[in-house]
Amino acid sequence: MDWIETVIIAIVEGLTEFLPVSSTGHMIITQNLLGIEQGDPFVHAFTFIIQFGAILSVVCLYWKRFFRFDNTPAPEGSSWLQRVKHKYYFYWLLIVGVLPAVVIGLLAKKSGLLDWLLDSVLVVAIMLVVGGVFMLFCDKLFNKGSDQVKVNEKRAFNIGLYQCISVIPGVSRSMATIVGGMTQGLTRKRAAEFSFFLAVPTMAGATLLDLLDLMKEDTVWATSHNISMLILGCVVAFVVALLAMKWFVGFLTKYGFKLFGIYRIIVGGIIIVLLLTGHSLAMVD
């Protein structure tokens, strides 16, 4: 990967991280269009690590809500553990929500399934279409949320179960968790915001795991060039995601998922047709 390829992929990541179109899927498509070699451990790690750069924009944009503590008195007679849980309840919900993804993600990675999925642009295209068809109807199915409904432990865990579906590139972590929140009675806006918050520990864990795996294999990848690419990718993804995130919340609240569904079907359909007719996605072979 060179500087231009890194910037292009990072821009794609920043634009799509919070949109229900699958940022991982779009990065895989972009890498194929640019002719970047698939199956390389560094490319796989780069795909996840720059997502964490984009996710940090959540902390920046929502920092007052992300760094929040409940300073109201705990119920009388509470144990020290209950008092701690009361004070840090927001973070407790994030832990509960991320647990399913930790289990499923580790199993998928250790089995080699995740690496196989990351190398398959056909899987991405199929899931874009399948998810797109679903999104044409999901607003009518789950658009009964209420501002009175708040995230609790049960709802956080159920949303975390939906997040596990996004281990398949092309599904979209954002879509899975927002729809998961809507099935729990949350409004689109509240579901989207919890999806953003849940992304922070999820992608932090995925990034740490990928870095550990890279260091276990060998240190050949740790050239000054590759490290510079990682830093550049994270910075660009962070800035672009920061600009895109607030726009998305307003758009989703007003218009819902339908337009994103149409976009997914068109992009996925074009890629499937190209692949089935023997064409390569690479713009330069």
Side-chain angles (χ1 to χ4, degrees), residues 1 5-6 8-41 43-48 50-51 54 101 104-105 108-109 111-139 162-180 195 199 203 206 233 237 240-241 244 248 252 256-285:
M1 293 174 59
E5 291 170 341
T6 298
I8 292 173
I9 295 171
I11 290 174
V12 170
E13 159 56 24
L15 287 173
T16 59
E17 177 58 46
F18 300 106
L19 305 185
V21 296
S22 179
S23 61
T24 302
H26 274 70
M27 281 192 286
I28 293 171
I29 292 170
T30 304
Q31 289 164 6
N32 276 267
L33 288 172
L34 295 174
I36 295 173
E37 180 185 355
Q38 299 299 293
D40 184 275
V43 174
H44 285 175
F46 178 87
T47 301
F48 280 103
I50 70 166
Q51 289 185 64
I104 298 300
K109 191 163 185 65
S111 67
L113 175 63
L114 186 57
D115 287 337
W116 178 80
L117 290 171
L118 287 172
D119 290 333
S120 178
V121 71
L122 180 60
V123 169
V124 171
I126 292 172
M127 295 314 300
L128 282 175
V129 173
V130 172
V133 172
F134 170 77
M135 288 168 68
L136 295 180
F137 306 100
C138 70
D139 285 317
Y162 275 88
Q163 181 171 240
C164 293
I165 305 171
S166 65
V167 73
I168 307 173
V171 168
S172 170
R173 192 207 62 81
S174 176
M175 182 190 77
T177 49
I178 293 174
V179 170
S195 170
M203 296 314 302
V240 176
F248 170 59
L252 181 66
F257 285 106
K258 190 172 182 179
L259 290 177
F260 293 113
I262 294 172
Y263 167 80
R264 288 174 62 112
I265 292 170
I266 292 173
V267 173
I270 291 173
I271 293 172
I272 291 173
V273 170
L274 287 173
L275 294 176
L276 293 181
T277 54
H279 292 82
S280 170
L281 292 189
M283 292 185 292
V284 180
D285 290 323

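In what follows, residues are counted from 1 in the order of the sequence shown. Values reported hereafter were calculated over all heavy atoms of this structure, with side chains retained and with hydrogens, waters and symmetry mates removed. As the structure is a prediction and not an experimental result, all values here were calculated from the model.
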(request) Look up atom CD1 in Ile271 and atom CD1 in Ile126, then write down how far apart they are to the nearest 0.5 Å. (result) 11.0 Å

(request) Answer yes if the side chains of Glu13 and Ser23 hold a donor-acceptor pair under 3.5 Å, and no otherwise. (result) yes

(message) Quick check for you: to the nearest 0.5 Å, what is the distance between Ile265 atom CD1 and Leu128 atom CG?
(response) 10.0 Å

(request) Rounded to the nearest 0.5 Å, what's the gap from CD on Glu5 to CZ on Phe46? Could you check? (result) 9.5 Å

(message) Using 0.5 Å steps for rounding, measure from the CD1 atom of Ile36 to the OG1 atom of Thr30.
(response) 8.5 Å

(message) Using every non-hydrogen atom in the two residues, find where Met27 and Val12 come nearest and quote the distance to one decimal.
(response) N-CG1, 4.3 Å

(message) Strictly distance-based, threshold 3.5 Å: is any side-chain N or O of Arg173 a donor or acceptor partner for the main-chain N or O of Glu17?
(response) no

(request) Report the residues that fulfil side chain to side chain contact (heavy atoms under 4.5 Å, CB included) with Val123, sequence neighbours left out, ordered by chain and then residue number. (result) Trp116, Leu117, Ser120, Met127, Ile168

(request) Identify the two heavy atoms, one from Val121 and one from Leu275, that lie closest to each other, and give their separation to 0.1 Å. (result) CG1-CD1, 3.6 Å

(request) Grab the two heavy atoms, one from Leu136 and one from Gly261, that are nearest each other, plus how far apart they are. (result) CD2-C, 4.3 Å

(request) Quick one: pull up CD1 in Ile29 and CG in Leu33 and give me the separation to the nearest 0.5 Å. (result) 7.5 Å

(request) Kindly indicate, with the supporting measurements, whether the criterion side-chain contact (heavy atoms from CB on, under 4.5 Å) is fulfilled by Leu34 and Ile9. (result) CA-CA 9 Å; Leu34 295 174; Ile9 295 171; 4.1 Å; yes

(request) Could you tell me which non-hydrogen atom of Ala244 sits nearest to which non-hydrogen atom of Gly14, and how far apart they are? (result) CB-O, 4.0 Å

(request) Please report the closest heavy-atom contact between Ser174 and Leu19, naming both atoms and the distance. (result) CB-O, 3.8 Å

(request) Could you list the residues that satisfy side chain to side chain contact (heavy atoms under 4.5 Å, CB included) with Phe257, not counting sequence neighbours? (result) Pro20, Met135, Cys138, Asp139, Ile178, Val179, Met182, Leu252

(message) Run the ring pair (Phe, Tyr, Trp, His ring centres under 6.0 Å) test against Phe134 and tell me which residues pass, sequence neighbours left out.
(response) none

(message) Students often mix this up, so state it plainly: with edges at 30° and 60°, are the rings of Phe260 and Phe248 parallel, tilted or perpendicular?
(response) perpendicular

(request) Considering non-hydrogen atoms only, spot the tightest contact between Gln51 and Thr24 and give its length. (result) NE2-OG1, 3.1 Å

